[in-house]
S.K.: 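This is the structure I want to talk about, given as structure tokens.
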Amino acid sequence: MTAALAPAVLDAAAWQARRRAHEERVDVWLTPHLARRRRGERHPVADFLFTYYSHRPAQLRRWHPGAGVELRDADPAEFGRDYRATTAGVTLDTDGVRARRGESIAWIRSLLAATAGRAPHFGCFGMHEWAMVYRQTHEEVRHNAWPLRLTPERTAVVVEERGVRCSHFDAFRFFTPPARSLNLLTPTRETQHALDQPGCLHANMDLYKWAYKLSPLVPSELVADCFELAREIRTLDMRASPYDLAALGYPAVRVETADGRAEYAAAQRGFAERAAVLRDRLLTAVPL
């Protein structure tokens with residue numbers, strides 16, 4: 001049980017303004033996604049976070065103030081079962097949330113802390129996406145509505161010449177069977193705490209997953225910050241992939257060349273710096 005602290009108090013005008021600002025911010029991302037979904041269209045970059053992760057658009061849009069905040073003149077029924085009434089409004093039932101989800105919260109916190117304490121590595125050059133199409137036929141390729149930039153034969157040569165140095169299980173599990181043996185590591189869910197490192201694009205993209213899984217203990221603005229970073233990371237991920245997405249407005253980062261690898265590593269370092277701040281904010285928002 002967490003120590004009882006006097007909650008920060010937001011009057012109705014303040015919390016309603018925060019909620020409105022959050023909804024307006026995420027609607028910029030949600031509106032085109034939902035429109036494409038109604039039309040039955042697929043977008044390999046912009047829609048990825050809504051299909052790969054389990055957080056639904058309506059859940060992303062729903063605003064939570066985070067732990068330790070009292071909302072004046074609010075209706076508990078409007079905020080759901082995780083909230084309790086106060087004499088002036090509502091506040092999150094932090095102890096109740098922790099009691100129900102304590103094991104999950106502890107697992108996420110320990111992963112975040114372990115990753116934050118590890119030195120970053122920047123030598124993978126995005127080969128994980130190449131390993132996901134290695135030695136596949138056109139019909140087997142996941143995003144085969146879009147062409148590959150190189151022939152399948154040349155794509156395979158790039159993977160074999162560069163090698164694969166992927167430490168993240170949720171990328172590795174999508175490798176083709178012949179690509180797995182080329183990876184320097186064999187990550188598993190059980191070794192994730194020991195292997196996830198703060199330079200990894202997918203580990204940093206996953207900050208969005210950990211943020212929404214820690215919700216409503218963390219404020220929705222932080223979840224949205226993690227989502228925003230994940231969107232930008234996914235863009236680099238696919239620009240550096242073997243797919244040709246120029247028709248969608250994504251010029252390639254040609255990691256098969258020295259210049260492309262330098263461009264990728266520089267962007268990766270920038271994302272790692274931003275992710276470190278978000279990882280620390282998550283750890284601070286959900287103390288032990």
S.K.: Main chain of A246, side chain of D244: is a donor-acceptor contact present, judged purely on distance under 3.5 Å?
M.R.: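 At least one qualifying donor-acceptor pair exists.
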S.K.: Has the side chain of W15 got a donor or acceptor atom that lies under 3.5 Å from a matching backbone atom of R72?
M.R.: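 Side chain of W15 to backbone of R72, a donor-acceptor pair under 3.5 Å: yes, one is there.
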S.K.: Spell out, as yes or no, whether a donor-acceptor pair under 3.5 Å connects the side chain of D47 to the backbone of R42.
M.R.: no
S.K.: List the atom of A203, the atom of R279, and the distance in Å for their closest heavy-atom pair.
M.R.: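 That would be O-NH2, 4.1 Å.
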S.K.: Sequence neighbours left out, what passes side chain to side chain contact (heavy atoms under 4.5 Å, CB included) with P120? Give chain and number order.
M.R.: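 Applying side chain to side chain contact (heavy atoms under 4.5 Å, CB included) to P120 gives F122, Q197, P198.
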S.K.: Quick one: are Y83 and D93 in side-chain contact, heavy atoms under 4.5 Å?
M.R.: no
S.K.: Can you measure from OG1 (T155) to CD (E129) and round to the nearest 0.5 angstrom?
M.R.: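 Between atom OG1 of T155 and atom CD of E129 there are 12.5 Å.
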S.K.: Please give me the minimum heavy-atom distance between L185 and L195, naming the atom from each residue.
M.R.: CD1-CD2, 4.4 Å
S.K.: For the OG atom of S241 and the NE2 atom of H143, what is their distance to the nearest 0.5 Å?
M.R.: 8.0 Å
S.K.: Kindly write out the residues that satisfy side chain to side chain contact (heavy atoms under 4.5 Å, CB included) with A14, not counting sequence neighbours, or none if the list is empty.
M.R.: L10, D11
S.K.: I need the single residue from H64, R62, R61 that forms a side chain to side chain contact (heavy atoms under 4.5 Å, CB included) with S220. Which is it?
M.R.: H64
S.K.: Any pair with a residue in residues 99-109 that passes side chain to side chain donor-acceptor pair (under 3.5 Å), sequence neighbours left out, goes on the list, sorted by first then second residue, please.
M.R.: D82-R100
S.K.: Any chance the rings of Y134 and F175 have centres within less than 6.0 Å?
M.R.: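 No, the ring centres sit 6.0 Å or more apart.
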S.K.: Of the non-hydrogen atoms in N204 and A272, which two are nearest, and what is the gap between them?
M.R.: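 Result for this residue pair: ND2-CA, 3.8 Å.
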S.K.: With a 3.5 Å distance limit and no angle check, can you tell me whether E140 reaches the backbone of T137 through a side-chain donor-acceptor pair?
M.R.: yes
S.K.: Any pair with a residue in residues 165-181 that passes side chain to side chain donor-acceptor pair (under 3.5 Å), sequence neighbours left out, goes on the list, sorted by first then second residue, please.
M.R.: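 Non-adjacent pairs meeting side chain to side chain donor-acceptor pair (under 3.5 Å): H168-D196, H168-D206, D170-R173, D170-R189.
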S.K.: Check whether any side-chain N or O of W146 sits under 3.5 Å from a backbone N or O of P44 as a donor-acceptor pair, and report yes or no.
M.R.: no
S.K.: Which heavy atom of V223 sits nearest a heavy atom of Y212, and at what distance?
M.R.: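 For V223 versus Y212, the nearest heavy atoms are CG1-CB, 4.1 Å.
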S.K.: Given the rule that I, L, V, M, F, W and Y join up when any side-chain heavy atoms are under 4.5 Å apart, are L201 and F172 in one cluster?
M.R.: yes
S.K.: Taking Q268 for its side chain and G199 for its backbone only, find out whether a donor-acceptor pair lies under 3.5 Å.
M.R.: yes
S.K.: Thinking salt bridges, do E160 and R135 make one under a 4.0 Å N-O criterion?
M.R.: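 Looking at E160 and R135, the cut-off is met.
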S.K.: Within the side chain of E273, is there an N or O that forms a donor-acceptor pair under 3.5 Å with the backbone of G270?
M.R.: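 The answer is no, because no donor-acceptor pair under 3.5 Å joins these two groups.
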S.K.: Could you go through residues 225-233 and list every donor-acceptor pair under 3.5 Å that involves a side-chain atom there, pairing it with any protein atom two or more places apart or in another chain?
M.R.:
| from | atom 1 | to | atom 2 | distance (Å) |
| --- | --- | --- | --- | --- |
| D225 | OD1 | R25 | NH1 | 2.9 |
| D225 | OD1 | R25 | NH2 | 2.7 |
| D225 | OD2 | R281 | NH1 | 2.9 |
| D225 | OD2 | R281 | NH2 | 3.2 |
| E228 | OE1 | R25 | NH2 | 2.8 |
| E232 | OE1 | R274 | NH1 | 2.8 |
| E232 | OE2 | R274 | NH2 | 3.1 |

S.K.: With under 30° as parallel and over 60° as perpendicular, where do the rings of H33 and F50 fit, or are they tilted in between?
M.R.: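 H33 and F50: parallel rings.
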S.K.: Please report the interatomic distance CD(E23) to CG(L60), rounded to the nearest 0.5 Å.
M.R.: 11.0 Å
S.K.: Could you measure the distance from the CH2 atom of W210 to the CG atom of L207? Nearest 0.5 Å is fine.
M.R.: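 Separation between the atoms: 9.5 Å.
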S.K.: When you check the gap from the basic side-chain N to the acidic O, do R98 and D95 get nearer than 4.0 Å?
M.R.: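 Looking at R98 and D95, the cut-off is not met.
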S.K.: Is it the case that H202 and D237 place a side-chain donor and acceptor less than 3.5 Å from each other?
M.R.: yes
S.K.: May I ask you to decide if P187's main-chain N or O and T191's side chain share a donor-acceptor pair within less than 3.5 Å?
M.R.: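 Side chain of T191 to backbone of P187: no pair is present.
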S.K.: Just grab all the side chain to side chain donor-acceptor pair (under 3.5 Å) pairs involving residues 247-259, residues at least two apart or on different chains.
M.R.: R149-E256
S.K.: Just how far is it from atom NE2 of H193 to atom CD of E190, taken to the nearest 0.5 Å?
M.R.: 11.5 Å
S.K.: Should L245 and Y52 be counted in the same cluster of Ile, Leu, Val, Met, Phe, Trp and Tyr side chains packed under 4.5 Å apart?
M.R.: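 In one cluster with L245: Y52, no.
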S.K.: Where is the tightest heavy-atom contact between V133 and P242, given as atom of each residue plus distance?
M.R.: CG2-CG, 3.6 Å
S.K.: Hey, is CZ on R36 packed in by over 12 heavy atoms from elsewhere, all under 6.0 Å?
M.R.: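 It does: R36 CZ has more than 12 such atoms within range.
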S.K.: Are the charged groups of R239 and E263 less than 4.0 angstrom apart, N to O?
M.R.: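 Counted as a salt bridge, because a side-chain N and a carboxylate O are separated by less than 4.0 Å.
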S.K.: Check the pair H55 / Y208 against side-chain contact (heavy atoms from CB on, under 4.5 Å), numbers first and verdict last.
M.R.: CA-CA 9 Å; H55 209 46; Y208 168 57; 3.4 Å; yes
